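For reference, the structure discussed in these notes is given below.
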Amino acid sequence: MDKVAVFPGSFDPFTVGHESIVKRALALFDRVIIAVGENAEKKNLFSITMRMKMISKVFEGEGRVEVTRYSGLTVEFCRKHGARYILRGLRTAADFEYERAMGHMNWKMAPEIDTVFLLTSTEHTPVNSTIVRDIIKNGGDASMFVPSSIIISDYLGK
Ligand code: PNS
């Protein structure tokens with residue numbers, strides 16, 4: 001049976017840190033589903049369609065990566081797709097507390113699904129979508145923080 005991991009997140013925008021996590025996860029799992037969460041409460045910079053487009057561009061030609069959107073519980077999405085693993089990246093101790101709570105709650109709701117954490121590579125530790133968003137909103141050059149195949153202006157305001 002294929003080992004499938006779901007990599008859930010807002011990805012607003014998808015960063016070099018996310019890209020690196022997915023690439024490394026491909027050595028551990030047969031398939032990785034990047035699941036872009038639709039959270040109506042969050043004020044996003046990039047529309048969900050544009051976020052899916054930018055991520056699909058990064059993994060163009062990589063047949064083991066699927067990009068999709070979802071709403072509702074992550075564990076229900078995993079069950080529907082036969083995924084036994086939730087993949088998350090860990091940068092800092094602050095990340096850990098939030099991830100630990102989510103991991104434990106998800107595990108309580110779905111004990112058959114494990115959360116697997118990969119430490120971000122050292123050079124990506126400071127990169128986070130909130131700050132990247134802020135740089136973009138303020139007219140800065142955020143190209144070094146997103147995968148090289150993403151031209152940020154192609155996805156803004158659409
Ligand atoms: O990139 P983010 O914002 O850290 O991703 C958060 C995400 C989408 C993984 C989280 O909000 C989530 O899982 N949302 C789906 C609803 C859900 O399952 N909530 C319970 C998690 S314990």
Side-chain angles (χ1 to χ4, degrees), residues 3-26 28-29 31-59 65-137 142-147 149-150 152 155-156 158:
K3 255 191 204 163
V4 182
V6 166
F7 185 36
S10 309
F11 307 121
D12 186 38
F14 195 78
T15 68
V16 282
H18 297 133
E19 178 187 29
S20 154
I21 294 289
V22 173
K23 285 186 169 166
R24 287 161 58 209
L26 286 172
L28 302 172
F29 302 102
R31 290 195 294 124
V32 175
I33 302 174
I34 304 176
V36 186
E38 298 180 40
N39 184 344
E41 280 167 34
K42 269 199 180 175
K43 184 98 188 67
N44 295 302
L45 179 61
F46 295 92
S47 68
I48 190 137
T49 310
M50 287 302 123
R51 280 179 274 152
M52 285 178 58
K53 273 201 171 148
M54 71 169 80
I55 302 168
S56 302
K57 180 106 175 58
V58 176
F59 296 101
V65 175
E66 183 187 330
V67 183
T68 188
R69 62 202 279 173
Y70 78 108
S71 54
L73 289 176
T74 300
V75 290
E76 291 306 336
F77 176 87
C78 290
R79 281 175 171 154
K80 220 187 288 168
H81 289 78
R84 300 280 301 271
Y85 305 94
I86 295 172
L87 172 68
R88 294 284 287 173
L90 267 185
R91 289 166 307 194
T92 61
D95 273 358
F96 176 75
E97 273 312 312
Y98 171 63
E99 295 298 336
R100 185 195 54 73
M102 269 209 305
H104 276 154
M105 306 276 264
N106 281 331
W107 185 64
K108 279 296 220 188
M109 290 188 285
E112 79 280 15
I113 298 170
D114 267 312
T115 303
V116 174
F117 298 106
L118 288 185
L119 285 180
T120 50
S121 45
T122 47
E123 70 270 28
H124 296 143
T125 299
V127 179
N128 88 57
S129 291
T130 307
I131 300 175
V132 174
R133 245 185 349 259
D134 200 48
I135 293 170
I136 297 169
K137 280 183 195 162
S143 57
M144 70 192 101
F145 305 122
V146 300
S149 51
I150 296 180
I152 292 166
Y155 303 94
L156 272 177
K158 292 178 184 166

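For ligands, and for the atoms within them, numbers begin at 1 and follow the listed sequence. Fair warning: this is a prediction, and the values are worked out from it, not measured in the lab. Keep in mind that the numbers below use all heavy atoms, side chains included, and drop hydrogens, waters and symmetry copies.
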- prompt: In this structure, are over 12 heavy atoms from other groups packed under 6.0 Å from R84 atom CZ?
  reply: no
task: Describe, in one word, how the ring planes of Y70 and F77 are oriented to each other, choosing from parallel (under 30°), tilted (30 to 60°) and perpendicular (over 60°).
output: tilted
Check ligand 1 for N or O atoms under 3.5 Å from a protein N or O and list each pair with its distance.
unit_1   : atom_1 : unit_2 : atom_2 : d
ligand 1 : 1 (O)  : S10    : N      : 2.9
ligand 1 : 3 (O)  : S10    : OG     : 2.7
ligand 1 : 3 (O)  : K42    : NZ     : 2.8
ligand 1 : 4 (O)  : R88    : NH2    : 2.9
ligand 1 : 13 (O) : T74    : OG1    : 2.6
ligand 1 : 18 (O) : T74    : N      : 2.9

field: Neighbour count above 12 (heavy atom, 6.0 Å) for M105 CE
entry: no
- line: To the nearest 0.5 Å, atom NE2 of H81 lies from atom CD of E66 at 6.0 Å
field: Euclidean distance, I34 CD1 relative to H18 NE2, rounded to 0.5 Å
entry: 9.5 Å
field: Partner set under side-chain contact (heavy atoms from CB on, under 4.5 Å) for D114, not counting sequence neighbours
entry: Y85, W107
